[in-house]
Peer 1: 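The following block contains the structure, expressed as C-alpha cells.
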Amino acid sequence: MGENWTAENGEADSAGVRLFCFAHAGGGAAVFRPWQRRLAPTADVRPVLLPGRETRLREKPYRGVPELLGPLCDGLLPLLDRPFAFFGHSLGAAVAYETAREIAARGWGEPRHLFVSARRAPHLPARRPPLHPLPWKEFLAAVANMGGTPPEVLEHPGLLEAFGTALRADFEMHETYVPLPGGLLSCPVTALVGARDPQVGTDEMAAWRDTTRGGFDLRVVDGDHFYLREAADEPLATVRGALDAATAP
C-alpha cells in the first residue's frame, strides 16, 4: 500500500501537487517533515520511507536501486492520483530520478518537476573509493566525518545496532548505482547544490541537464552537503516557485 512507503501528511490534503521527497543515505522521513507545514498549501509533501528505518526498522533494507524500484513504484501508485513531483537529496536524487523514469516507462505519467540535490549527475564517475566495503569501525568513522548522521546515533551502541544495517545498505546502493536502461525524461529538472559542498561541484550538478528534454535550472545555495539543515528558506522558495509554475492553469 502507498501509505507504507510514505509518511502521512495532515497539512495539505487539498494541495494541487503531491511532492515525494527522498532522503540521503541513512536519512528518513524526519528530514522532510518540516516541509509538510512550510510548503502547505502549495504541496502535499510525502517523505518516502524506505525499509530499515523509523517505522519500517524491522524490514530488510534494499542494497541496490534495481531491486528497490519495483516495490517502491508499486507502493507509490495509489498516491499518483494527482499531479506529482519528486525531490531527492544525495542518494535520494538517484532514487528519485530512476523512480521518475520507471513510472514513465510504466505509462503512469511523469513528475511535473524533478528536483535533484547534492549528487553528481548519473552518468558521471565517482570521486572517491566506496565506503560500504570498509570494516565496520572504519566505515563508521568515514560516515561520521561526512557529517550526515547525528552524533547521538553514532555514539549509541544500541541505536547503531538497529540503524547500522540500513546505513551500510544505503551506502552500497549509493556507491554501486549506475544509470539503468531507458530514455530521457521530459519534465523540467532543477539541480540544487550547496556552495561549500565538498562532495559534489556545480559542474557535476550542471550535468543533470543531460537527463531531460525539458527545461533545466541550476541553483547554488548557501551551505555544505547537508545544506537542507542550515539554509532551508532558499531551497524551499525554489521548490515552491517551480511547483507553482508547474501546476499553473
Side-chain angles (χ1 to χ4, degrees), residues 17-25 27 32 43 46-48 50 62 64-70 72-73 76-77 80 83-128 130 170-195 197 199-221 225 227-228 235 238-247:
V17 61
R18 184 164 278 145
L19 178 65
F20 297 97
C21 296
F22 301 77
H24 60 276
F32 296 105
R46 295 296 184 108
V48 173
L50 301 183
Y62 288 91
V65 172
E67 296 80 12
L68 168 65
L69 273 185
L72 173 58
C73 291
L76 295 184
L77 177 58
L80 304 181
F84 61 93
F86 290 160
F87 183 103
H89 182 76
S90 196
L91 166 64
V95 177
Y97 167 64
E98 292 294 354
T99 303
R101 297 172 80 210
E102 177 64 18
I103 285 174
R106 293 185 182 199
W108 297 351
E110 275 197 23
R112 294 294 181 93
H113 208 104
L114 171 64
F115 302 91
V116 290
S117 169
R119 193 194 193 281
R120 68 189 183 279
H123 53 284
L124 297 183
R127 287 188 182 185
R128 57 167 173 75
D170 277 2
F171 270 84
E172 182 174 347
M173 185 185 302
H174 185 57
E175 294 170 339
T176 60
Y177 165 71
V178 293
L180 301 179
L184 297 175
L185 293 169
S186 12
C187 64
V189 173
T190 295
L192 301 97
V193 62
D197 191 332
Q199 298 183 45
V200 59
T202 55
D203 55 339
E204 294 171 299
M205 293 303 299
W208 278 96
R209 65 166 53 92
D210 298 330
T211 64
T212 184
R213 293 187 295 269
F216 176 79
D217 188 22
L218 173 65
R219 297 295 181 98
V220 180
V221 301
H225 190 66
Y227 70 85
L228 291 178
T238 295
V239 170
R240 184 181 293 107
L243 292 180
D244 284 340
T247 57

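Keep in mind that the numbers below use all heavy atoms, side chains included, and drop hydrogens, waters and symmetry copies.
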Peer 1: Check salt bridge (charged side-chain N to carboxylate O under 4.0 Å, His left out) between Arg127 and all other residues, then give those that pass, not counting sequence neighbours.
Peer 2: Glu204

Peer 1: Indicate the atoms forming the closest heavy-atom contact of Thr190 with Thr238, along with that distance.
Peer 2: CG2-CG2, 4.0 Å

Peer 1: Sequence neighbours left out, what passes side chain to side chain donor-acceptor pair (under 3.5 Å) with Thr211? Give chain and number order.
Peer 2: none

Peer 1: Tell me, please, which residues at least two apart from Arg101 pass salt bridge (charged side-chain N to carboxylate O under 4.0 Å, His left out).
Peer 2: Glu98

Peer 1: Going by the rule ring-ring contact (aromatic ring centres under 6.0 Å, His included), which residues pair with Phe32 if we only count those two or more places apart in sequence or in a different chain?
Peer 2: Trp35, Phe87

Peer 1: In chain order, what residues pass the side chain to side chain donor-acceptor pair (under 3.5 Å) check against Ser90, with sequence neighbours excluded?
Peer 2: His225

Peer 1: Can you name the side-chain contact (heavy atoms from CB on, under 4.5 Å) partners of Asp203, sequence neighbours left out?
Peer 2: none

Peer 1: In chain order, what residues pass the ring-ring contact (aromatic ring centres under 6.0 Å, His included) check against Phe86, with sequence neighbours excluded?
Peer 2: Phe20, Phe22, Phe84

Peer 1: Kindly write out the residues that satisfy side-chain contact (heavy atoms from CB on, under 4.5 Å) with Ala206, not counting sequence neighbours, or none if the list is empty.
Peer 2: Arg209, Leu218

Peer 1: For Glu110, check salt bridge (charged side-chain N to carboxylate O under 4.0 Å, His left out) against everything at least two apart and list the hits.
Peer 2: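 Expected list: none.
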
Peer 1: According to salt bridge (Lys or Arg N to Asp or Glu O under 4.0 Å), does anything in residues 172-188 pair up with another residue at least two apart or in another chain? List the pairs.
Peer 2: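 Sorted pair list: Arg63-Glu172, Arg128-Glu175.
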
Peer 1: Enumerate the residue pairs fulfilling ring-ring contact (aromatic ring centres under 6.0 Å, His included) with a member in residues 200-221, sequence neighbours excluded, ordered by first and then second residue.
Peer 2: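 Checked against ring-ring contact (aromatic ring centres under 6.0 Å, His included) - neighbours excluded - the pairs reaching residues 200-221 are Tyr97-Trp208.
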
Peer 1: With sequence neighbours left out, write down each residue that passes salt bridge (charged side-chain N to carboxylate O under 4.0 Å, His left out) with Arg219, or none if nothing qualifies.
Peer 2: Asp217

